[in-house]
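A short write-up of the structure that comes next.
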Amino acid sequence: MRHFLDLSDAGGDGLAAILADALDRKAARAGWTKGRVDADAPLAGHVLGMVFEKNSTRTRVSFDMAVRQLGGQSIVMDAGQMQLGRGETVADTARVLSGYVDAIMIRTDDHAKVEEMAAHASVPVINGLTDASHPCQIVADLLTILEQGKTLPGLKVAWLGDGNNVLASIIEAAGLLHFDVLAACPQGYQPPDAALARGKGRTRVVGTAREAVEGADIVATDTWISMGQAHAETKLAAMLPFQVDAALMTTAKPDAHFLHCLPAHRGEEVTAEVIDGPQSLIWAEAENRLHAQKSILRWCFGQIG
Ligand code: CP
Ligand code: NVA
């Protein structure tokens, strides 16, 4: 059973296979309408069940469209309208859904819940974001970087702001694919030791935005307040020196690009000038969620890697 709870489930080779497949499949359907099924329809006869305990635009729609383009179908479930939302256990939900669908994607808070889902499901389980990680997002980010003709080994990625779930998956990817991460995070908001440990020594946490961005190939950030976190003025104040603005971008490499998983807060973690400027790849990054999900699904079903 192939679960995709974190990038290390696929490992470096699996991740490379997912990226190569996504680039090939994206190229093969260039110019097609979005609803047209890929020529090989590799998930014909398959249904993906998606459980959301948190809001989503990209993950929800990209997974739904991914399954359709692969020739399968999906069912989207809001946890609040399920018995899960009134106390039915994750384990029981996993057993029941396994009888109906061929794979389960879950977005939740506590990472232990996706592990519990995987432990009790008899179909593949995919992590669609937890408080600890967001592996599917980083597959899309890596695709976006590769599309620019950049190579991953030796690449320098600067992260600014919160040491959150998205950073944790970037750190893990760096360890698997041999690139370097410089994370500039304020005291008290640095990535957890467990996340750093998965990065195989390729991530360094620094104290200033300038130290991280100088000479970087990629500059990335995310919202300062993640889903489920209280809106705290103290946190926003601590984050302010880590805002990505145009002056900071000039210290990166001249051909550096800006990434943000979205949703964004212009004027907080990034200025409008940068996120809507020529170095920003955010719309390609968002579209690549679709292409990434397709190859993640194919990996889960043992079709690649
Ligand atoms: N980036 C991302 O996961 O977006 P959604 O929250 O809209 O799914
Ligand atoms: N760190 C953000 C990512 C959203 C896609 C959150 O968890 O809310």
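Numbers for residues simply follow the sequence, beginning at 1. Counting starts at 1 for both ligands and their atoms, in listed order.
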Practice item. Before accepting this row, confirm whether a basic side-chain N of the pair K54/D109 lies closer than 4.0 Å to the acidic partner's carboxylate O. Key: no
Exercise for review: Considering only non-hydrogen protein atoms, determine which one is nearest to atom 8 (O) of ligand 2 and report residue, atom name and distance to 0.1 Å.
Suggested key: M227 N, 2.8 Å
Point to revise | Residue, atom name and distance, where the atom is the protein heavy atom closest to atom 2 (C) of ligand 1 | key: R289 NH1, 3.2 Å
Practice item. Mark up the atoms of ligand 2 that fall under 4.0 Å of a heavy atom belonging to L129, in ascending order. Key: 3 (C), 4 (C), 5 (C), 7 (O)
Review point. Do L262 and ligand 1 have an N or O pair less than 3.5 Å apart?
Key: yes
Exercise for review: For S133 and N127, test the side chains for any donor-to-acceptor distance below 3.5 angstrom and give the result as yes or no.
Suggested key: yes
Point to revise | hydrophobic_cluster_shared for I138 and I18, side chain cutoff 4.5 Å | key: yes
Check your understanding: For ligand 2, does N165 get within less than 4.0 Å through its side chain, its backbone, both, or neither, judged by non-hydrogen atoms?
Key -> side chain
Point to revise | Per-atom contacts of ligand 1 with C261, taking only distances under 4.0 Å to non-hydrogen atoms | key: 1 (N)
Review point. Below 4.0 Å from any atom of ligand 2, is there a heavy atom belonging to L262?
Key: yes
Exercise for review: Pick, from D222, T223, D131, the option with the minimum heavy-atom distance to atom 3 (C) of ligand 2.
Suggested key: D222
Practice item. Give yes or no for whether the N/O distance cutoff of 3.5 Å, strictly under, is met between M227 and ligand 1. Key: no
Review point. Atom 2 (C) of ligand 2: which of P263, A264, S226 has the nearest heavy atom?
Key: S226
**Study point:** atom 6 (O) of ligand 1 [closest protein heavy-atom partner, distance rounded to 0.1 Å]
**Key:** R107 NH1, 2.8 Å
Check your understanding: Which residue, V213, T203, N164, forms the side chain to side chain contact (heavy atoms under 4.5 Å, CB included) with W159?
Key -> N164
Review point. Within 45° of the ring axis of F301 and under 6.0 Å from its six-membered ring centre, is that where the NZ or CZ of R2 lies?
Key: no
Review point. Would one find an N or O of R58, backbone or side chain, under 3.5 Å from an N or O of ligand 1?
Key: yes
Review point. Would you find more than 12 non-hydrogen atoms of other residues, nucleotides or ligands less than 6.0 Å from E211 atom CD?
Key: yes
Check your understanding: Under a 4.0 Å N-O cut-off, is there an ion pair linking D141 with R289?
Key -> no
Check your understanding: Numbering the atoms of ligand 1 from 1, which are under 4.0 Å from a heavy atom of H134?
Key -> 2 (C), 3 (O)
Exercise for review: Answer yes or no: is there an ion pair linking K156 with D217, defined by an N-O contact shorter than 4.0 Å?
Suggested key: no
Review point. Is K54 near ligand 1, meaning one of its heavy atoms is under 4.0 Å from it?
Key: no
Exercise for review: Using a strict cut-off of 4.0 Å, indicate which atoms of ligand 1 neighbour a heavy atom of T57.
Suggested key: 5 (P), 7 (O), 8 (O)
Review point. Does a donor on one side chain and an acceptor on the other come within less than 3.5 Å for N288 and T144?
Key: yes
**Study point:** R95 CZ: over 12 foreign heavy atoms closer than 6.0 Å
**Key:** yes
